[in-house]
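See below for the structure under consideration.
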Amino acid sequence: MSVRVRFAPSPTGYLHIGSARSALFNYLYARNVGGKFLLRIEDTDLARSTEESTRSILDGLAWLELKHDEEIVFQSDNADKHRAAAQRLLAEGKAYRDFTPKAEPTDQNVKEGIAERARAAQGVKNMRDNPFRELLSEESDRRAEAQEPFAIRLKVPLAGKTSFDDKVYGPQERNYDDTEDLVLLRSDGHPLYNLAVVCDDIEMAITHVIRGQDHLTNTHKQVLIYEALGVTPPTFAHLPLIMAPGKGKLSKRKHGEIVSLTTYRDAGFVPAAFRNFLALLGWSAGEEKEIYSLEELIEKFSFDGIHRSNAIFNFRENDPRHWTDDKALWMNAEYIRTMPLAELLPLVKAELKSAKLWREEYDQESIALSADIPSTADLGADGRPETVALDNRQIGSHGWYIKTVDLIRSRFFTLKDFSLQGRAYFCEDFDFDPAAVAKNLTKFPELREWLPQLADRFEAEFGGTEMLKPAREQGRDSQPGQLAFTEAYIETVIKAFTEEKGTKLGVIMNGARTLLTGVAVGPSMLSVFEVIGLERTISRLRSQLAWNQ
RNA sequence: GUCCGGUUCGUCUAGGGGUUAGGACACCGCCCUUUCACGGCGGCAACACGGGUUCAAAUCCCGUACCGGAUACCA
């Protein structure tokens with residue numbers, strides 16, 4: 001029988017990163033064994049389910065590139081089937097009507113109420129003493145006919161135990177005594193979770209149920225329902241939970257947006273990077289390796305590699321530098337600087353577009369790229385690209401935009417950096433970091449004279465008719481008697497200039513860096529000059545903006 | 001309370017009778033360097049505790065502690 005797994009979220013909010021990981025593991029397993037990965041939206045909680053939430057779940061899965069097979073199943077569409085199943089169990093004497101009036105919900109903390117009630121009931125009551133359990137069927141029918149409200153409960157056998165062999169946690173057993181006669185159908189006719197799940201999993205012919213460990217005890221109840229229904233239960237595999245620092249529950253209420261998958265999309269994460277990170281939270285291939293492509297994850301995935309202990313999603317509140325798990329951040333940076341340029345470019349494009357920094361002409365450059373620069377994608381034995389950046393020779397035939405992205409990506413952590421830290425490369429309207437101005441400019445007042453002089457020098461050495469053209473259209477070859485604005489020549493000119501002024505190279509370079517890019521950090525200054533281009537270099541060196549702020 | 005599960009550096013983890021207990025992130029130092037990263041080298045840092053079994057226990061067994069999950073006419 002071919003494997004069929006499902007991801008079954010309830011649409012009551014954003015997609016939690018823990019759920020996203022469940023989806024990922026289901027997906028990896030399905031692909032690993034050539035099975036199907038199905039999606040079911042468990043929208044039976046009418047009050048809490050929203051369409052918006054369903055949308056966000058779908059968006060999240062799409063972002064992680066976890067494509068599901070077959071049509072999405074909406075659990076609410078199957079309510080009639082769930083009711084029929086309950087009726088059938090009732091007719092077969094495997095369930096009974098419970099006419100006990102529904103308890104008024106205590107509006108306080110639900111969890112606490114449950115624990116409290118369980119504690120109180122301890123010893124005074126066993127799980128099987130419901131007075132309606134053995135009610136004569138004639139009597140039961142009569143009261144039902146008289147419109148008396150009732151819930152349908154499963155009649156859990158008196159002696160014995162449920163057992164199943166969890167693929168992660170091993171053999172599991174639970175005495176029937178420890179399981180109450182669970183409600184299948186509410187008195188308003190609404191089917192409850194455990195019944196709905198079992199019916200749908202049967203209907204969808206699910207072979208492997210892979211879900212969070214918080215369902216471990218539900219599984220015993222579900223096994224009971226399978227048995228009552230006369231269906232062999234699927235294989236179960238429960239996943240360790242993802243906890244907050246301190247081992248508390250990772251919840252939106254307490255931790256906010258950090259638990260939502262969309263946060264990572266919006267914060268400039270590369271989908272493949274976050275997916276890679278999630279895969280390694282609670283699972284390991286048993287080797288000393290961190291970076292896995294989706295294909296590798298699929299190939300290496302197995303239940304044996306899944307941990308039994310919960311994993312902490314580590315982050316420090318109120319610390320922008322460590323706002324989310326350090327390893328996720330590191331991994332994202334790793335992907336940004338090493339992934340094939342052809343795959344990075346569309347992500348950068350989306351970022352620049354949303355920051356209104358995108359120009360259509362960049363597209364012209366990107367089109368031919370995919371076939372043209374595979375060299376960065378060559379993976380070494382450890383799965384990392386062997387060449388980190390393109391060298392000048394490789395990039396020479398490509399245009400300004402690609403060269404710039406490749407140049408600046410090496411020190412970025414998120415895609416956002418392309419429009420934030422990288423803003424000065426793409427437009428004239430950028431800010432000056434006061435700390436950078438203080439460190440690199442105002443500390444050396446002479447620069448206020450020198451940098452405009454450097455601009456003059458550039459103009460004299462590199463200028464001429466070419467000045468009228470945008471820098472990025474200049475050819476690399478120099479006109480007769482005129483130097484091209486390229487690293488080697490720029491270096492010569494700057495070194496001579498520095499010597500004349502009797503100062504250190506760093507003073508000029510860093511001053512120019514701040515004037516040209518607004519910040520104190522960035523790539524080699526020679527390549528920055530080249531990429532910014534002669535025209536913009538000259539005008540920015542002459543600008544008094546930074547000095548006057 | 002009861003049932004179930006878990007416990008290796010701060011975090012993610014490898015290892016499952018004999019290891020100087022390995023790697024990654026984070027942190028610190030040095031090198032590289034016009035800056036910041038990257039990279040290279042090095043450092044800090046862990047088998048929850050107590051018994052047992054064994055020539056030998058982080059590893060197997062039993063307890064304890066702590067943590068987590070479940071215990072709904074929620075999902």
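Note on naming: letters A, B, ... go to the chains in the order of the sequence lines (proteins, then strands), and numbering restarts at 1 for each one.
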Has the side chain of [X] got a donor or acceptor atom sitting under 3.5 Å from an opposite partner on the base of [N]?
X: A/Asn218; N: B/A70; result: no
X: A/Ser524; N: B/U34; result: yes
X: A/Ser410; N: B/C38; result: no
X: A/Arg411; N: B/C38; result: no

From [options], pick the nucleotide closest to the side chain of [X]?
X: A/Glu288; options: B/G22, B/U35, B/A75; answer: B/G22
X: A/Glu334; options: B/U11, B/G39, B/U34; answer: B/G39
X: A/Ile312; options: B/U35, B/A26, B/C12; answer: B/C12
X: A/Leu241; options: B/G69, B/A75, B/U13; answer: B/G69
X: A/Lys221; options: B/U71, B/C73, B/G6; answer: B/U71
X: A/Tyr193; options: B/C3, B/U35, B/A75; answer: B/A75
X: A/Lys102; options: B/C73, B/A26, B/A75; answer: B/C73

Would you say [X] reaches [N]'s phosphate, i.e. side-chain N/O to OP1/OP2 under 4.0 Å?
X: A/Arg186; N: B/C74; value: yes
X: A/Thr217; N: B/C3; value: no
X: A/Arg153; N: B/C73; value: yes
X: A/Arg321; N: B/C27; value: yes
X: A/His307; N: B/U8; value: no

**OP:** Nearest-nucleotide wise, let me know which of A/Ser187 and A/Tyr169 is further upstream toward the 5' end of RNA chain B.
**Re:** A/Tyr169
Within this structure, what is the [atom1]-to-[atom2] distance between [X] and [N], rounded to whole angstrom?
X: A/Asp326; N: B/U13; atom1: CG; atom2: P; result: 15 Å
X: A/Glu290; N: B/A26; atom1: CD; atom2: P; result: 11 Å
X: A/Leu182; N: B/A70; atom1: CG; atom2: P; result: 16 Å
X: A/Leu420; N: B/C36; atom1: CG; atom2: P; result: 21 Å
X: A/Met243; N: B/C12; atom1: CE; atom2: C1'; result: 16 Å
X: A/Glu491; N: B/U33; atom1: CD; atom2: P; result: 13 Å
X: A/His220; N: B/A70; atom1: NE2; atom2: C1'; result: 10 Å
X: A/Leu329; N: B/C12; atom1: CG; atom2: P; result: 17 Å

Considering only the [atom1] atoms, how many Å lie between [N] and [M], rounded to the nearest integer?
N: B/G50; M: B/C66; atom1: P; value: 16 Å
N: B/U59; M: B/U7; atom1: P; value: 12 Å
N: B/U13; M: B/U71; atom1: P; value: 25 Å

[X] and [Y] ion-paired at < 4.0 Å:
X: A/Lys495; Y: A/Glu499; answer: no
X: A/Lys501; Y: A/Glu446; answer: no
X: A/Lys403; Y: A/Asp406; answer: no

**OP:** Mind running side chain to side chain contact (heavy atoms under 4.5 Å, CB included) on A/Glu487 and A/Ser527 for me, showing each step along the way?
**Re:** CA-CA 6 Å; A/Glu487 290 188 31; A/Ser527 29; 3.2 Å; yes
Original post:
Hey, do the aromatic rings of A/Phe485 and A/Phe458 have their centres closer than 6.0 Å?
Top reply: yes
**OP:** Measure centre to centre between the rings of A/Phe132 and A/Phe150, then say whether the value is under 6.0 Å.
**Re:** no
**OP:** Quick one: label A/Met331 by what it contacts on the DNA or RNA (base, sugar-phosphate, nothing), any heavy atom closer than 4.0 Å.
**Re:** nothing
**OP:** Name the nucleic acid region contacted by A/Arg316, choosing base, sugar-phosphate or nothing; use a 4.0 angstrom heavy-atom cut-off, strictly under.
**Re:** sugar-phosphate
Original post:
Given that both distances must come in under 3.5 Å, which nucleotide forms a Watson-Crick or G-U wobble pair with B/U2?
Top reply: B/A70
